[in-house]
**Student:** 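I have a structure here, written as structure tokens, and I will follow up with some questions on it.
Quick note on labels: first sequence line is chain A, next is B, and so on, each numbered from 1.
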Number of protein chains: 2
Amino acid sequence: MKIDPRHLEMLFAIVHRGGLTEGADVLGKSQPSVSRSLALLETRIGAPLFEPGKRPLKPTELGATLAAEGRKVFEAGQHATGLLERFTTGKTGAVRVAGTPVFLDGVISGMIGAFQVEHPDVRIDQSYGYASDLLPKLEDGALDLAILPMRHGAIPDGLVAEQILPGRNVIACRAGHPLVRRGAVKLNELGQYPWIAPPPDSPLFHDLRLVLDSVGVTDFKVSFSGGSLSAVISILSGSDALTVLPFSVVFMMRRQKLISALPVRIGDPDRHLSILHNTAFAMRPSVKRFAAHIKAEFQTLAGSIMRVSQDQVWRP
Amino acid sequence: MKIDPRHLEMLFAIVHRGGLTEGADVLGKSQPSVSRSLALLETRIGAPLFEPGKRPLKPTELGATLAAEGRKVFEAGQHATGLLERFTTGKTGAVRVAGTPVFLDGVISGMIGAFQVEHPDVRIDQSYGYASDLLPKLEDGALDLAILPMRHGAIPDGLVAEQILPGRNVIACRAGHPLVRRGAVKLNELGQYPWIAPPPDSPLFHDLRLVLDSVGVTDFKVSFSGGSLSAVISILSGSDALTVLPFSVVFMMRRQKLISALPVRIGDPDRHLSILHNTAFAMRPSVKRFAAHIKAEFQTLAGSIMRVSQDQVWRP
DNA sequence: CTGGCTACATAACTTGGCGTTATGAAGATT
DNA sequence: AATCTTCATAACGCCAAGTTATGTAGCCAG
């Protein structure tokens, strides 16, 4: 005979609390409801679960045995509601986030670390990619969030993008690079140094081309290409090579004093760093929390950049 | 938020079996029912439990987590139905049985032992008492069964008694008692030997008085009184004392060759050994099984007695 | 690519059980 | 014996889960 797990749970509550009335308000029900359900259960199984005509209520052997099973049901329910609560408040769950390698490694990884400290049970599934890869993934729900430099007009239908940092690139070089020491840099000098190029399909590569075009450098040496941010940084810091990097990335690394930005104003890119998600899929609480965290971090980052930018060293 | 344990169970079934249809027939329900319940649960908790638009069905992280709790509910339910099945078939439970010390120790204890071998999970709560104690206990449900020598007319309302052995007493003595050797025993010789008296409130004491009256012995020596059966037996076997015992008790001990019955016909008591229970309380399955066992054992015992009684030695 | 198969979703309807409040009865307590 | 507490019963509304019938969408084969 199949027993309704709710009945087991109810039986446990009654036995545990020693009475129908107490059991009822543990379960958040009225006493008559519990009384009738109990009576129904007893007739259904054809045996009394409590000694009849006794007060305080005392379970029969069968009643006590089944109540023990009821405890398991009750505890499973408790556990489940706990898990659900943690999930709905975003304290647990998973976030699938992707973005361009340079921003992810240079800026966002630190923010993810801070988030993980606060939310150790939220799993971050991070991956790398550019808009061409990531937008389809967002569209079919394979990804929760993408963090990409986007043009405002280039947002596909169904996706929504929030700008989290204005696009601004700088020419990066090692700290103590010959071009940094001098007050002004002549644009034609830039062509004399080797350049490190980002992967050809990356927005940064596009930006790099624009920069070099704008300063009239058409012929430049590419000494290194396609590496990760950390590779770029180590090449950069060990040579006189130049490259284009988001200002925010150079800014985040200012403490290490490995790299610096040339005091040259270059055209700002028309792409602005944005966080994207698909409106067709409701953001899970954990995703919401994560997104909020990232936005807040960028807010403070933008503030820091503003403040420090007043400084001479950082004004290009 | 409170989750219905049935929903957890259902979720487990679906995840475990990998589909709504399979899950549904595990639960013994139709597929649409499960589908709708699942949809209800998902809207209730506000998050998908399965990846949408995927086949084969794949649970989300939350779905899998909650399904794990569902497994506990499911298993508790399985366990409970198993316990219930064992209970309803009488393979487990308790039996509260009481009776007169002499019958219980002399005849029934062996039967209980045999029952326990077959039903190790049935707990036998055995106690001693006479009708005056036990009938009230039966009446208020403190006892499931009583095994007592009863007059047919003396059954209280609400109780029902089934005779399991006709009343028949013998005069017991040690094996090799001087009175046994001779073919006939003169009644007046009986007064010469010391007598062991059962407790004064016991039916056997009453029978003893009747016997002695019937053989014209009005003045008799009581050498021992009030002991348990084993005490009576050990006194009896170590002396020439006499006492009145149920024939069945002497019969059961025939193998030990400690005691014997005098070849004297004494009046049969008007009480017959009966098994009593209260019709107001439905017999639990375990009690039913036990009662059936006892009745069957007495049936074979009565048969054995009949057969052996043809024998010279046992014909009084 | 286009059927066809299979499995899930939806619709429409019925019903059983659980929720409520009001009130009666029975044990326990003094 | 009176009272208080607690459980049982009654009457009624309603939700959820059950049913069958049918639509629709993934997945696979030809």
**Student:** Tell me the interatomic distance from B:Phe50, atom CZ, to C:dC8, atom P, rounded to whole angstroms.
**Tutor:**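 In whole Å, C:dC8 P lies 10 Å from B:Phe50 CZ.
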**Student:** Is the distance from OP1 or OP2 of D:dA16 to the nearest side-chain N or O of A:Arg6 less than 4.0 Å?
**Tutor:**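 It does not, given that no N or O in the side chain of A:Arg6 lies less than 4.0 Å from OP1 or OP2 of D:dA16.
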**Student:** Return yes if a side-chain donor-acceptor contact under 3.5 Å exists between B:His293 and B:Glu297, otherwise no.
**Tutor:**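 Present: a donor and an acceptor within the cut-off.
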**Student:** What are the residues of residues 31-42 of chain A, sorted by number, that bring a heavy atom to within less than 4.0 Å of DNA chain D?
**Tutor:** A:Gln31, A:Pro32, A:Ser35
**Student:** Determine whether B:Thr65 and A:Phe87 make a side-chain contact, defined as any pair of heavy atoms from C-beta on separated by less than 4.5 Å.
**Tutor:**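 No, too far: nothing below the 4.5 Å cut-off.
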**Student:** Rounding to a whole Å, what distance do you find between B:Leu57:CG and C:dA9:C1'?
**Tutor:**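 Taking atom C1' of C:dA9 as the reference, CG of B:Leu57 is at 12 Å.
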**Student:** Determine the sole option in A:Leu148, A:Leu143, A:Asp144 for which the side chain to side chain contact (heavy atoms under 4.5 Å, CB included) test with A:Leu138 is passed.
**Tutor:**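 Going through A:Leu148, A:Leu143, A:Asp144 one by one, the side chain to side chain contact (heavy atoms under 4.5 Å, CB included) with A:Leu138 is satisfied by A:Leu143 alone.
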**Student:** Any heavy-atom pair between the side chains of A:Ser228 and A:Pro101 that's under 4.5 Å?
**Tutor:**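 Heavy-atom side-chain distance check fails, nothing below 4.5 Å.
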**Student:** Passes side chain to side chain donor-acceptor pair (under 3.5 Å), A:Gln163 versus A:His152? Steps please.
**Tutor:** CA-CA 9 Å; A:Gln163 181 180 321; A:His152 283 137; 3.1 Å; yes
**Student:** Tell me whether the OP1 or OP2 atom of C:dG19 has a side-chain N or O from A:Ser30 closer than 4.0 Å.
**Tutor:** no
**Student:** Roughly how many Å is it from NZ in B:Lys29 to P in C:dC8, rounded to a whole number?
**Tutor:** 17 Å
**Student:** Quick check for you: among C:dC8, D:dT6, C:dT21, whose closest atom lies nearest to any side-chain atom of A:Thr21?
**Tutor:** D:dT6
**Student:** Are A:His206 and A:Arg271 close enough, and set up right, to give a side chain to side chain donor-acceptor pair (under 3.5 Å), and what steps lead you there?
**Tutor:** CA-CA 11 Å; A:His206 181 252; A:Arg271 292 183 177 88; 3.2 Å; yes
**Student:** In whole Å, what is the span from the CG atom of B:Asp25 to the C1' atom of D:dT19?
**Tutor:**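 Distance check: B:Asp25 CG to D:dT19 C1' gives 16 Å.
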**Student:** To the nearest Å, how far apart are B:Arg17 CZ and C:dA7 C1'?
**Tutor:**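 Distance, rounded to whole Å: 15 Å.
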**Student:** Do A:Glu162 and A:His277 pair up side chain to side chain, a donor and an acceptor below 3.5 Å, judged on atom types alone?
**Tutor:**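 Per modelled atom types, A:Glu162 and A:His277 side chains form no pair under 3.5 Å.
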**Student:** Rounded to whole angstrom units, what separation is found between the CZ atom of A:Arg44 and the C1' atom of C:dC18?
**Tutor:**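 So the CZ-C1' distance, A:Arg44 to C:dC18, works out to 12 Å.
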**Student:** Between A:Tyr128 and A:Asp105, is there a side-chain donor-acceptor contact under 3.5 Å, judged purely by atom types and distance?
**Tutor:**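 Distance-only check passes for A:Asp105 and A:Tyr128.
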**Student:** For the helix from C:dC1-D:dG30 to C:dT30-D:dA1, what is the angle between the axes at its two ends, each from 5 pairs, rounded to 10°?
**Tutor:**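 End-to-end axis angle: 40°.
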**Student:** If you count every heavy atom of other residues, nucleotides or ligands that lies below 6.0 Å from A:Lys2 atom NZ, does the total exceed 12?
**Tutor:** yes
**Student:** Give the rounded distance in Å between these two atoms: NZ of B:Lys2 and P of C:dC18.
**Tutor:**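 These atoms are roughly 14 Å apart.
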**Student:** Pick the nucleotide of DNA chain C nearest each of A:Asp4 and B:Glu22; which residue has the one closer to the 5' end?
**Tutor:** B:Glu22
**Student:** Rounded to whole Å, please give me the gap between NE2 in B:His7 and C1' in D:dA16.
**Tutor:**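 Checked: the NE2 to C1' distance equals 8 Å.
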